Engineer: 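Pasting in a structure now, in structure tokens, and then I'll have a few things to ask.
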Amino acid sequence: MLSTLMVSVFSRFRTGAAAAGTNAASQWLWYPRARRVRRASPRYTSVGYGIHHASSLWWAGIFEALRPDHAPPAGRAMRAAGVAALAYAVDYHVVPRRLSPGFEHRIGAAGMFSAYAAFALGLYLGSRPRRGHAGVRATRRRGAPSAPG
């Protein structure tokens, strides 16, 4: 949601239409027309948002899969930045042009940086240290007997 907000803000600034950047992601279905649609519409805006959001959830799954049990905040922040950078690399240097987000034409370089930085921030804010293992260790430190071993 944070990356979509940045796409909308920069799209509004650069094109005068907040929906233009989000519409571009619907190019998966309506290439190349989707890149040129400025006005909000169910066909382009809702589909573009759905594609962008689903992609973000997919990358969030990768972020979670890479998560160690006891990551300190700095480690989670670095992992979030790394996953966002990997998402950018895949989006713009690996997948076919039609499957890229497409909003680069509507938000410019500063908007691209802001969108992926906001995505990294969203990953970080959505992550929490795992419970379970940390609680077991804390109990043992307080003098509880450890398992025979």
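From a predicted model like this one, the values you see are computed outputs, not experimental measurements.
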Engineer: OG1 of T45 to CZ of R39: how many Å apart, nearest 0.5 Å?
Structural biologist: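 CZ of R39 is found 10.5 Å from OG1 of T45.
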
Engineer: Give the cluster check for V90 versus F119: same hydrophobic cluster or not, with ILVMFWY residues linked at side-chain heavy-atom distances below 4.5 Å.
Structural biologist: yes

Engineer: About how many Å separate CZ of F63 and CG of L86, when rounded to the nearest 0.5 Å?
Structural biologist: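 Reported value, rounded in 0.5 Å steps: 13.0 Å.
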
Engineer: If you define the side chain from C-beta out and look only at heavy atoms, does anything of P101 sit under 4.5 Å from Q27?
Structural biologist: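 Counting from C-beta outward, P101 and Q27 never come under 4.5 Å.
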
Engineer: Side chains of S3 and H52: donor-acceptor distance under 3.5 Å anywhere?
Structural biologist: yes

Engineer: If only atom types and distance count, is the side chain of S11 paired as donor or acceptor with the main-chain N or O of I107 below 3.5 Å?
Structural biologist: no

Engineer: Would you find a donor on one side and an acceptor on the other, under 3.5 Å apart, between the side chain of R98 and the backbone of L29?
Structural biologist: yes

Engineer: Should R79 and Y124 count as side-chain neighbours, where that means a heavy-atom distance under 4.5 Å?
Structural biologist: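 They are not in side-chain contact.
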
Engineer: Are V94 and V83 in one and the same hydrophobic cluster, where Ile, Leu, Val, Met, Phe, Trp and Tyr link if side-chain heavy atoms are under 4.5 Å apart?
Structural biologist: yes

Engineer: Could you check if a side-chain atom of E104 sits within less than 4.5 angstrom of a side-chain atom of R35, using non-hydrogen atoms only?
Structural biologist: yes

Engineer: Tracing side-chain links under 4.5 Å among I, L, V, M, F, W and Y, which residues wind up in one group with Y49?
Structural biologist: M1

Engineer: Can you name the nearest heavy-atom pair linking A115 to V7, along with the distance?
Structural biologist: CB-CG2, 3.9 Å

Engineer: Looking at Y92 and M112, what are the two nearest heavy atoms and their distance?
Structural biologist: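 Looks like CE1-CE, 3.3 Å.
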
Engineer: Quick one: closest heavy-atom pair of R106 and V37, and the distance?
Structural biologist: NH2-N, 3.8 Å

Engineer: Measure the spacing between OG1 of T15 and CZ of R38 and express it to the nearest 0.5 Å.
Structural biologist: 5.0 Å

Engineer: Can you measure from OG (S127) to CG (L66) and round to the nearest 0.5 angstrom?
Structural biologist: 12.0 Å

Engineer: Which heavy atom in I51 sits nearest to a heavy atom in A25, and how many Å separate them?
Structural biologist: CD1-O, 3.6 Å

Engineer: Where do S26 and V47 come nearest, in terms of heavy atoms and distance?
Structural biologist: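 Closest heavy-atom pair between S26 and V47: CB-CG1, 3.9 Å.
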
Engineer: Just by distance, do the side chain of N23 and the backbone of G48 share a donor-acceptor pair under 3.5 Å?
Structural biologist: no

Engineer: Can you tell me which residue among Y31, W30, W28 is in a ring-ring contact (aromatic ring centres under 6.0 Å, His included) with Y44?
Structural biologist: W30

Engineer: Applying the 4.5 Å side-chain criterion to the ILVMFWY set and letting contacts propagate, would L123 and W59 be lumped into a single cluster?
Structural biologist: yes

Engineer: Kindly assign one of parallel, tilted or perpendicular to the pair F103 and Y116, based on the angle between their ring planes and the thresholds 30° and 60°.
Structural biologist: tilted

